[in-house]
Every structure is written in structure tokens, then in C-alpha cells.
Amino acid sequence: MRNINGERLWASLEALGRIGAYQDEGSGLTGVRRLALTAEDGEGRRHVVEQMKAAGLAVTVDRIGNVYGRRAGREDALEPVMSGSHLDSVATAGRFDGCLGVLGALEVVKTLNDEGTVTRRPLVVAFFSEEEGARFGTDMLGSAVATGRLSLETAYGLTDRAGKTVKDELSAIGFLGEGAELLPAPHAYVECHIEQGPLLKAAGMDVGVVTGVQAISWMELTLTGKSAHAGTTPMELRVDPGVVASRIQLHLREMVRSGRYGGDLRATMGVTRFEPGLVNVVPNKVVATVDLRHPFDAVLKRAEAELHRFFEAAAAEEKVTLAWRQTARTPDVSFSARVQEAVAAAAQARGLKHQRIVSGAGHDCQELARLCRAGMVFIPGEYDGISHNPREYSTPKQCTDGVNVLCDVLVALADE
Ligand code: HGY
Ligand code: MN
Ligand code: MN
């Protein structure tokens, strides 16, 4: 049984974590901020590309900035086995989300290089653009384009809050590649990722065998009212979009608590931007986002329908104009039973405690699952598995265990 080099993996996570590092005022911790296609993301990408090349991989960049590092197989014409994740982060990130999947796959390659093993099939290490959706508004952007769910034109036209487009920002960081964006189906795809939640650690597990991903719905609402003086304007004369945003927020909590959608509906209003955003001015505009998730798409659809009815009615009652758009929408996805079995068998063989788990977070793997047999290896996180936060932390042993299992699964699939 081969073992990856855990110290080398950990050092690579720490080195990448220094790119885009920032001092988080709230926690006093050092976080990571590498929003997609920013200069920091560009620096992180170049850092990993250098390591891919140093590991002997042939690197290509496609037209949406996805990067693939290919390692030849004994029968090099066969479809490759692919593994990877993303390097972009939210604005208040840790150093494991996405990075463990990319650097873990690279560590598998380095381990195979060290022992001179060449797998039957080629191996490809990948990272995809804007997985988080935190800057351009829709998640799994690069992998959605690579697998045909979103068109390149749609992706190129997405803009950030400053009106900068994906295409221009790809060009600005030097990752507007020439490779065809539609990915030929790999033989299989496996991604190692932190759980980003409390379940595995609480259950005393070393590894999560991921069965799939829950359904996700993102909406962006623009509520327009009438700006006015906060002191002189009588309440009955106001048209206040802030009131509608607050009513929607409270209704989300009522929907969750009502039990109408079982106990698994998750609802988040992550963004509320008030304009002009001044203490003594009734806002004239509020931009708000809603993130709704549920393990079953049919139930999420019912929740969406109720929410749409509610925010239309609340806006009308408050005489506020409502415009809204769907910014991300993915159904629940099930992962390959074959890959799940391989993950479970590898964990078992290593004496690692493991259990099945549904992913609460979206991942590039759910896009690849439309192309080929796909699955994920989760590792537990400390501090209740907190993520999208500088406190995100998994131990060197947890990372090594996860990447060892990843290695076993990739080699098994690549020798099929
Ligand atoms: O939002 C998500 O679930 C993922 O982190 N992009
Ligand atoms: Mn992630
Ligand atoms: Mn994330």
C-alpha cells in the first residue's frame, strides 16, 4: 500500500495559503482572499501551474480559464482519469476549500513519480474557474462550461459588482486560454474536499464517502422604493425597500421552521446592499440575494414557488418595485456507485472510519458527474467544520488520510 508524502502535501497547502492571505479583523486570524480572476487568483494559478510543470505534467488552459495538467499513461490514447477542484475562494476563506482537491491530486502525481509508477490510463489534474460564484454570481462556472451546462458566451458576459466581465478578467490575469472549453468525457473524475460541516467529526469519522450534492437555487433581488429624509418623512408616506428585504428574510426562517419542507431546507440571505446606505436616508434601492438548498429538487421547487409568491406579494403591499433573476440553479446530483465503493474500500483497507454523506456544498464534481462516473472523498474539519471562514481547519493527518484514499481510488480507476 503506497502512501503519499503528507509533509509535502501540508507544505504545499501552506504555501498556496500564503497567496491572497489577509488579516481577518473579526477573528484576528489569517484568512485567504482569492476571489475568482483577481490578481490574487492569478498568482495562485501561476503558483500551481509551476508545480504541475515541475511534476512533469503537460499543462493546457481552455477558453474559460480551466487548467488541465496531463500525465501520460501506458496506453495514452485511453480516456484519462481526472482529479482536481478549484483555487478561487470566497472573500473570507481558509486554505483548504478547493485547494486540498487540486494539491491533493498533484501530490498523488508526485507520489507516483517518486516510485516510477505509470498507470494504464493517463491522469489529469484540473482546476476550474470561479467555482465559488462569489464574484461573478454563479457557482461552478468553469466546470459548468466545460460540461456544457452553461455556454461560453453566457459565462464571458457575466459581470462583477464593478461591471468587469469574466472574459476581460480572464485576459487581465493571463488565463484566457485557447483550449476548447468543452471537455471530452474522462474515464472517471474523483475530487477530494473538506466536508465544510460538522457531521464527520461529530461521528468520529476519518473519511466521508460522498453520495451526491443537494439541490441549489440562488436568486438576486432588486427592490426599488423612494428615497426620503429619515426624519421628516411620515411613515405612511414611505416606500421602503428595506422593509421588503427584512420581511423576506423573516419569511425564509418561517419557511424553514414551518416543517412544510421537512427539516432539511436551508435558506440564506447572504447579501443585502442598501443604497444610498446612509443612517438618515430611507433607501431607494436594496439588492439582496437568496441561497436556497434542499436534498431533493422537487421539494426545493415547492419552496421556490412559495418564496416567489411571497416576495411578489410583500413588494406589492409595500408599493416597492421588485425585479429578480435566477443566478444559479442545480438539481440534486447522485455520484457514481462504483466510485463510492472504491472510496469506501480504500478507506476500509486503510482502517479509516468512514460513512456515506450528502454534500451540503456545491462542487465541480457535480458538473463532471454529467460526463462520467464521478465521486468525492470528504475529510472532516475542526471547529464544527466551519468553512468560508478563516477558522477553516483540517489536521495534517485528516488531509493525508483523505489524499491517500484519493490516491488509491485514482490508481484503481486508472488501471481499469
Ligand atoms: O456555495 C457552495 O456550495 C460552494 O462553496 N461553491
Ligand atoms: Mn469548494
Ligand atoms: Mn466554497
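Worth knowing before you read on, the calculation uses all heavy atoms, side chains too, and leaves out hydrogens, waters and symmetry mates. When a ligand or atom number is given, it counts from 1 through the structure's own listing order.
- Between the side chains of Ser217 and Gln326, at least one donor N or O sits under 3.5 Å from an acceptor N or O.
- Distances under 2.8 Å from the Mn ion (ligand 2) pick out the protein N/O/S atoms His86 NE2, Asp97 OD1, His193 NE2.
- With respect to Arg121 and Glu416, no salt bridge is recorded, no charged nitrogen being found less than 4.0 Å from a carboxylate O.
- Put simply, the side chain of Tyr22 reaches to within 4.5 Å of the side chain of Pro390, judged on heavy atoms.
- Pocket lining of ligand 1, defined as residues with a non-hydrogen atom under 4.0 Å away: Glu131, Glu132, Trp218, Arg293, Ala361, Gly362, His388.
- One finds a salt bridge joining Arg247 and Glu318 here, because a Lys/Arg side-chain nitrogen approaches an Asp/Glu carboxylate oxygen to under 4.0 Å.
- Applying the salt bridge (Lys or Arg N to Asp or Glu O under 4.0 Å) rule to pairs touching residues 50-64 yields Arg63-Glu181, sequence neighbours excluded.
- A salt bridge does not link Arg33 to Glu40: none of the charged side-chain nitrogens sits closer than 4.0 Å to a carboxylate oxygen.
- A salt bridge links Glu306 and Arg260; the closest N-O separation between the charged side-chain nitrogens and carboxylate oxygens is under 4.0 Å.
- Under 4.0 Å is where a charged nitrogen must lie from a carboxylate oxygen, and between Arg309 and Glu312 no such pair does.
- Pairs of residues two or more places apart, or lying in two chains, that qualify as salt bridge (Lys or Arg N to Asp or Glu O under 4.0 Å) and include a residue from residues 92-106 are Glu14-Arg95.
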